[in-house]
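Here the structure comes first, spelled out in structure tokens, and everything after it is commentary.
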Amino acid sequence: TINAYLVDGPNVLVTDRRDALNPQLDSDIRFGSMAADGRPTADDGDGGGGLLVKHTEYIELDPSDTVAAKYLRPFVGARELLHGTPRWCIWIPDDKLPADVANSPFLQARIEHVHHFRSEVAKDAGVRAAAATPWRFNRVPQPTSAYLCIPRHVSENYRYYPAARFEPDIISGDHNFVVDDPAGFFFALISSSMFLTWQHTVGGRIKSDPRFASTYTWNTLPLPTVDSQSRRQIIQAGKQVLAARALHPSRSLAEHYDPDSMDPELVAAHRHLDELVDAAFGATDGCQNRLQRQEILFTRYAALTPRR
């Protein structure tokens, strides 16, 4: 039977979910933090006087302003995540403005700029309400442990969905999704061919590029229950993917996953990860192509979503 996704499998339609089909994936995937500081977009790369700080501004910061340095953190928007360009942000998550900020002309000027934008210029009610705390990002769901950072959309040419793991002192912008992932299990799953197959098949797109959505491509992922041994093996295989990337630390994610120049060790690490993830989905002899994975995915999805 050829279903609506042109796959020889169960005739099902995938619908969005607020919780995961597999409770092992039921996690708080959310947008990163929103600056709402008066820039045209959160990832335009310009100055502008708000909470986001260009690398040149960071380098040129007055070295005597030790207070400003105390509240600056690395910032990762969509461009920074994929292309590795350095950027910074003012990060003061406190509900009350710390007293020492008064000793930093740099921070004072930036905070005044954000207050003016949020109180006088912004149209969004939530942004205007945040004028009371102009030193804080408008949304501050920063992870408290090592976390998975997922770009909202990526090139259709990638053989794997390029995501990264960061420590909580690196701040992600709202053009990415974030989720606490202290063990690295989620990183390993999203780095697998099985996940990218599901993303390509049922997920949204911008033009022809895949667009991640937690409700459509993560919560609906029909992963069977993974036993503790398989989970440990998958996590370790994910670490091997990271180790292969680390062999070329100057490469960005986009360079690592350029389909014409992937490093053989990275390809080998992903193939090993695929063997384990394919097996977790029930593939007895591994999968050789996307079609085989699609057939398994829809069979699992049908089994996990009894018909009404």
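Residue numbers run from 1 in the order of the sequence given. What's counted below: heavy atoms across the whole structure, side chains too, no hydrogens, waters or symmetry copies.
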Under 3.5 Å donor-acceptor, Asp174 side chain and Gly32 backbone: no
Approximate separation, where rounding is to 0.5 Å, of His270 NE2 and Ser193 OG: 8.0 Å
Inter-residue atom distance Ile170.CD1 - Leu81.CG, 0.5 Å rounding: 10.5 Å
Expected output: side-chain Arg128 to main-chain Ser119 donor-acceptor under 3.5 Å: yes
Phe185 six-ring centre to Arg231 NZ/CZ under 6.0 Å and within 45° of normal: yes
Pairs of donor and acceptor atoms involving the side chains of residues 283-292, under 3.5 Å and at least two apart or interchain, shall be tabulated with distances.
from: Asn289; atom 1: OD1; to: Leu291; atom 2: N; distance (Å): 3.2
from: Asn289; atom 1: OD1; to: Gln292; atom 2: N; distance (Å): 2.9
from: Gln292; atom 1: OE1; to: Gln288; atom 2: N; distance (Å): 2.7

Side-chain heavy atoms of Phe117 within contact of Val127, under 4.5 Å: yes
Note, Arg245 side chain near Leu253 side chain (heavy atom, < 4.5 Å): yes
Ring centres under 6.0 angstrom apart (Phe186, Trp218): yes
For Glu275, side-chain hydrogen bond (donor to acceptor under 3.5 Å, both in side chains) partners two or more places apart: none
Inter-residue atom distance Thr217.OG1 - Phe195.CZ, 0.5 Å rounding: 4.5 Å
N-O pairing of Arg73 and Asp169 below 4.0 Å: no
Shortest non-hydrogen separation from Val241 to Tyr257 and the atoms involved: CG1-OH, 3.8 Å
Check: Gln24/Asn22 side-chain N/O donor and acceptor closer than 3.5 Å: yes
Residue pair Ser104, Asp65: steps toward the side-chain contact (heavy atoms from CB on, under 4.5 Å) verdict: CA-CA 6 Å; Ser104 171; Asp65 192 342; 2.8 Å; yes
Side chains of Ile29 and Phe212 in contact at under 4.5 Å (non-hydrogen atoms): yes
Shared hydrophobic cluster, Val267 / Ile190 (ILVMFWY, side-chain heavy atoms < 4.5 Å): yes
Identified side-chain contact (heavy atoms from CB on, under 4.5 Å) partner of Cys89 from the options Val76, Leu51, Asp37, Leu52: Leu52
CG on Leu276 to CG on Leu189, rounded to 0.5 Å: 11.0 Å
Rounded distance [0.5 Å steps], CE in Met34 versus CZ in Arg136: 13.5 Å
Pairs touching residues 215-224 that satisfy salt bridge (Lys or Arg N to Asp or Glu O under 4.0 Å), sequence neighbours left out: none
Joint hydrophobic cluster, Phe298 plus Leu304, side-chain heavy atoms closer than 4.5 Å: yes
Plane angle bin for His55 and Trp88 - parallel if under 30°, tilted between 30 and 60°, otherwise perpendicular: parallel
Hydrophobic cluster identity match, Tyr216 and Leu297, side-chain contacts under 4.5 Å: no
Side-chain touch Phe187/Lys239, heavy atoms, less than 4.5 angstrom: no
Close side-chain approach of Ser172 and Phe166, heavy atoms under 4.5 Å: no
Under-4.0 Å salt bridge between Asp19 and Arg17: yes
Path from Val101 to Phe137 over hydrophobic side-chain contacts below 4.5 Å: yes
Lys NZ or Arg CZ of Arg152 over Phe31 ring: under 6.0 Å, within 45°: yes
Arg271, CZ: over 12 other non-hydrogen atoms inside 6.0 angstrom: no
Non-hydrogen atoms of Pro98 and Tyr71 that approach each other most closely: CB-OH, 3.3 Å
SB check Asp180 Arg30 (cutoff 4.0 Å): yes
Any Pro151 side-chain heavy atom under 4.5 Å of His175 side chain: no
OG-CG distance between Ser27 and Asp181, expressed to the nearest 0.5 angstrom: 8.5 Å
Trace of the side-chain contact (heavy atoms from CB on, under 4.5 Å) decision for Ile234 with Val277: CA-CA 7 Å; Ile234 290 170; Val277 174; 4.3 Å; yes
Mutual orientation of the aromatic rings belonging to Tyr301 and Trp198 [parallel < 30°, tilted 30-60°, perpendicular > 60°]: tilted
